[in-house]
Amino acid sequence: EPEVTQTPSHQVTQMGQEVILRCVPISNHLYFYWYRQILGQKVEFLVSFYNNEISEKSEIFDDQFSVERPDGSNFTLKIRSTKLEDSAMYFCATARGLNTGELFFGEGSRLTVL
Amino acid sequence: SQELEQSPQSLIVQEGKNLTINCTSSKTLYGLYWYKQKYGEGLIFLMMLQKGGEEKSHEKITAKLDEKKQQSSLHITASQPSHAGIYLCGADLNAGNMLTFGGGTRLMVKP
């Protein structure tokens, strides 16, 4: 069964450091998303990406965050200068289209900022 | 007020019992997704409902959508320990897969 894969599964970093989280989408999927879940809280939408550009972003997705799909396979989330409050589980999700009935999530990357 | 409310927040049932989890939106639903999450792990897609009155089943799990009430229910028949986990509903409120999630229902099934 096709799946969304994310790396790393867990990353520990010092405050102020840059972090890149990677996602390999399901091969025929065209819509890509990042969500995050702070421990004990709800899953929150960060950003959606289609046709090599951001389509929507939430207020959480400030200038410290960026996304790209540089090589046509990996979809990355970069946090430029991490803060303590960025500690969370980050989920990549992909879909074949809009309203197609399925939005698949990866296993998540746990980011711990010290 | 919360855009998406789930109830109950937690549930402990005896193995073999049926249970229902509810999800209510304060806004129009373009789609309602149900996921299962084990603690600290990813979200496993269960099913997605789009049309009012729609009902889908997967093994012993059935989900229904009441579009007028902006509400969905997830029903598990004859629960098993393998059903334990956190059930999340996610609402597509903008027709763009940008889901708003409920707070989750933590289910424990006692053998």
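By the 6.0 Å contact criterion, CD on B:E15 is enclosed, its count of non-hydrogen atoms from other residues, nucleotides or ligands being greater than 12. The neighbour count for A:E85 CD, taken as heavy atoms of other residues, nucleotides or ligands under 6.0 Å away, is above 12. Atom CZ of A:R69 has more than 12 heavy atoms from other residues, nucleotides or ligands within 6.0 Å.
For the pair A:Y33/B:L99, no side-chain contact is recorded, criterion being any heavy-atom separation below 4.5 Å from C-beta on. For the pair A:F45 and B:F101, the minimum side-chain heavy-atom distance is 4.5 Å or more. For the pair B:Y35/A:L103, a side-chain contact is recorded, criterion being any heavy-atom separation below 4.5 Å from C-beta on. A heavy-atom distance below 4.5 Å is found between the side chains of B:Q37 and A:Q37.
Scored by the side chain to side chain donor-acceptor pair (under 3.5 Å) test, B:Q6 finds B:T105 as partners (sequence neighbours excluded). Partners of B:W34 by side chain to side chain donor-acceptor pair (under 3.5 Å), not counting sequence neighbours, listed by chain and number: B:S72.
Side-chain heavy atoms closer than 4.5 Å link hydrophobic residues (I, L, V, M, F, W, Y) into clusters, and following such links, even through other members, never connects A:I79 to A:F91. A:L111 and A:L39 fall into different hydrophobic clusters, where Ile, Leu, Val, Met, Phe, Trp and Tyr residues are linked whenever their side-chain heavy atoms come under 4.5 Å apart, directly or through other members. Side-chain heavy atoms closer than 4.5 Å link hydrophobic residues (I, L, V, M, F, W, Y) into clusters, and following such links, possibly through other members, connects B:V109 to B:Y87. A:Y90 is connected to A:V113 through a chain of hydrophobic side-chain contacts under 4.5 Å among Ile, Leu, Val, Met, Phe, Trp and Tyr, so both are in one cluster. Cluster annotation: A:Y35 is connected to A:Y31 through the hydrophobic network of ILVMFWY side chains, with a link wherever side-chain heavy atoms come within less than 4.5 Å.
At a 4.5 Å heavy-atom cutoff, the contact between B:L4 and chain A is made by backbone atoms alone. Interface remark: A:L46 contributes no atoms to any contact with chain B (heavy atom separation under 4.5 Å).
Note that CE of B:M98 and OG of A:S58 are 10.5 Å apart. Values are rounded to the nearest 0.5 Å. B:E3 CD to A:K42 NZ: the interatomic distance, rounded to the nearest 0.5 Å, is 8.5 Å.
Contacts from residues 4-28 of chain A to chain B, taken as heavy-atom pairs separated by less than 4.5 Å, involve no residues at all. Contacts from residues 75-85 of chain B to chain A, taken as heavy-atom pairs separated by less than 4.5 Å, involve no residues at all.
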